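The structure appears below as structure tokens.
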Amino acid sequence: MALNKASITGVHGYAPEYRLTNEELEKMVETSDEWISSRTGIKERRILKEPGKATSDMAVEAIKGLLKKTNTRPEEIELTICGTVTPDTTFPDTANTINQKIGATNAWGFDLSAACSGFLFALSTGARFIESGRYKKVLVVGADMMSSIVNYEDRTTCILFGDGAGAVMLEPSKDETGVQDEILKGDGVGRQYLILKAGGSLHPTSAETVANKEHYVFQDGRPVFKAAVKGMTNTVQEVMKRNNLTADDVTWLVPHQANRRILSAVADSLGFPMEKVMVNIHKYGNTTAATIPLCLWEWEEKLKKGDNLILTAFGGGFTWGATYLTWSYDGSKMPK
Ligand code: UT7
């Protein structure tokens, strides 16, 4: 028996109100709008400032909008998968907190930790649950409050990251649209280049780890940059080849937003004009697991049933990959 395909039947996003601009960062660390803009393409990022709010609260805002526009009651949700590296608490997991906050009383859930590839890996996982035939409504979330793990005295990282969340609804496809294929990778060989060193079982929290600032994101940017361009380009190429797709057949390339120069390099080597590449890094910076659903949300109105999309991401681990999906509805007909 052929498997059900898993369709995205709605997408919604949330970005906190506060805008941390390059000009404000110039007052915090030795940097300049010129350096940040030319090296990364970022102009501002959103920061969750309200005391007592965390990753789950941003996810809940995105999901509330999603439930409304897809006309879904929270009790209908069966499973929530939350891609994040900034869970509200190490445990319980954020997906459970989300389920409680939205009233998804018939759902279970779990967090998926794959850094900037979190949404791509969560989408793959959610699609398998739908394809099995057992699940009919799965929430796939990408949400990160990067401001909770960024050192605002470190100019090499604090200029990059922002907070945000996005969520999609996955349901069995009524036709042949939906998630078609994917190539996902995680090799562990680059883990020293992009890491939060302490607070896990290897280096439990201590006065020393706090003094050494090991609870903040550490990144050695250059090797990550090189590996990101190579990893995303190769997996996109491979998934296109085995599905007989040329750049002309692909309506949108939806890359993880880490650096405008990475996006351009990937698009160039694949022969995609930038008009076919979703780019919103100037507004949000790198929101880790949230970048791809935030792009889909912003472009939803333009997306048409049958459009071919290639989603691609690269992140800490290293983790990376590319997913080929055909869009399942006309975004222009969706309520805002
Ligand atoms: O999302 C997960 C995956 N992450 C990524 O894909 C990020 C990949 N890496 C990058 O995007 C880039 O490597 C960065 C944006 C992080 C850095 O850009 P770069 O062009 O690779 O710069 P660099 O690290 O080679 O640094 C060049 C210079 C250095 O000074 P010296 O040694 O040449 O004197 C840095 O100290 O720029 C300096 N620098 C800065 N200057 C002003 C580093 N950060 C800043 C800053 N403002 N914020």
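Atoms within a ligand are numbered from 1 in the order they appear, just like the ligands themselves. These numbers come from a predicted model, not from an experiment.
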| Tell me: protein heavy atom nearest atom 36 (O) of ligand 1, and distance? | R155 NH2, 3.1 Å
| remark: Nearest heavy-atom contact between V141 and A59 is CG1-CB, 3.8 Å
| request: May I ask you to check whether S56 and D88 show a side-chain donor-acceptor distance below 3.5 Å? | output: yes
| To the nearest 0.1 Å, how far is atom 7 (C) of ligand 1 from its closest protein heavy atom, and which atom is that? | Q219 OE1, 3.5 Å
| request: Examine the side chains of T177 and D175 and answer whether a donor and an acceptor come within less than 3.5 Å of each other. | output: yes
| request: Taking atom types as modelled, find out whether K43 and T21 have a side-chain donor-acceptor pair closer than 3.5 angstrom. | output: no
| remark: If you scan protein heavy atoms around atom 3 (C) of ligand 1, the nearest is V224 CG1, 3.6 Å
| note | Under 4.0 Å between heavy atoms, the region of I36 that gets near ligand 1 turns out to be neither
| query | Taking atom CD1 of I81 and atom CZ of R128, what is their separation to the nearest 0.5 Å? | reply | 10.5 Å
| message | My question is simple, although I want it checked carefully: is atom 32 (O) of ligand 1 less than 4.0 angstrom from any protein heavy atom? | response | no
| query | Quick one: does atom 44 (N) of ligand 1 have a protein heavy atom under 4.0 Å from it? | reply | yes
| field | Proximal ligand 1 atoms for N259, defined as those under 4.0 Å from one of its heavy atoms | value | 10 (C), 11 (O), 12 (C), 15 (C)
| What's the spacing between L309 CG and L296 CG if we round to 0.5 Å? | 6.5 Å
| request: Give the numbers and elements of all ligand 1 atoms closer than 4.0 Å to a heavy atom of I262. | output: 6 (O), 8 (C)
| message | At less than 4.0 angstrom from any non-hydrogen atom of L194, what atoms of ligand 1 do you find? | response | 2 (C), 3 (C)
| said: Once rounded to the nearest 0.5 Å, what's the spacing between atom NZ of K69 and atom CD of E300? | reply: 3.5 Å
| field | Donor-acceptor side-chain pairing of N99 and T80 below 3.5 angstrom | value | yes
| Would you say atom 13 (O) of ligand 1 has a protein heavy atom nearer than 4.0 Å? | yes
| query | How far is atom 22 (O) of ligand 1 from its nearest protein heavy atom, and which residue and atom is that? | reply | R39 NH1, 3.5 Å
| Side-chain H-bond candidate by donor/acceptor type, T209 with H215, under 3.5 Å | yes
| query | Between T31 and ligand 1, which part of the residue brings a heavy atom under 4.0 Å of the ligand: side chain, backbone, both or neither? | reply | both
| request: Mind checking whether V29 contacts ligand 1 via backbone (N, CA, C, O), side chain (CB onward), both or neither, at a 4.0 Å heavy-atom cut-off? | output: neither
| Numbering as shown, the atoms of ligand 1 that approach T40 to under 4.0 Å (heavy-atom distance) | 15 (C)
| query | Which ligand 1 atoms does A258 reach within 4.0 Å, using its non-hydrogen atoms? | reply | 1 (O), 5 (C), 6 (O)
| field | Parallel, tilted or perpendicular: rings of Y135 and F129 (30°, 60°) | value | perpendicular
| query | Mind checking whether N286 has a heavy atom under 4.0 Å from ligand 1? | reply | yes
| Closest protein heavy atom to atom 2 (C) of ligand 1, given as residue, atom name and distance to 0.1 Å | C116 SG, 3.2 Å
| query | Starting from atom 39 (N) of ligand 1, which protein heavy atom do you reach first, and at what distance in Å? | reply | W35 CZ2, 3.4 Å
| query | Do protein heavy atoms approach atom 18 (O) of ligand 1 to less than 4.0 Å? | reply | yes
| Which option, H256, R222, R261, R260, owns the non-hydrogen atom nearest atom 24 (O) of ligand 1? | R222
| message | Quick check for you: to the nearest 0.5 Å, what is the distance between E182 atom CD and L311 atom CG? | response | 11.0 Å
| Between T9 and T70, do the side chains contain an N or O donor and an N or O acceptor separated by less than 3.5 Å? | no
| G221 neighbourhood, listing ligand 1 atoms whose heavy-atom distance to it stays under 4.0 Å | 8 (C), 9 (N), 13 (O)
| Angle class for the W297/H12 ring planes (parallel below 30°, perpendicular above 60°, tilted otherwise)? | tilted
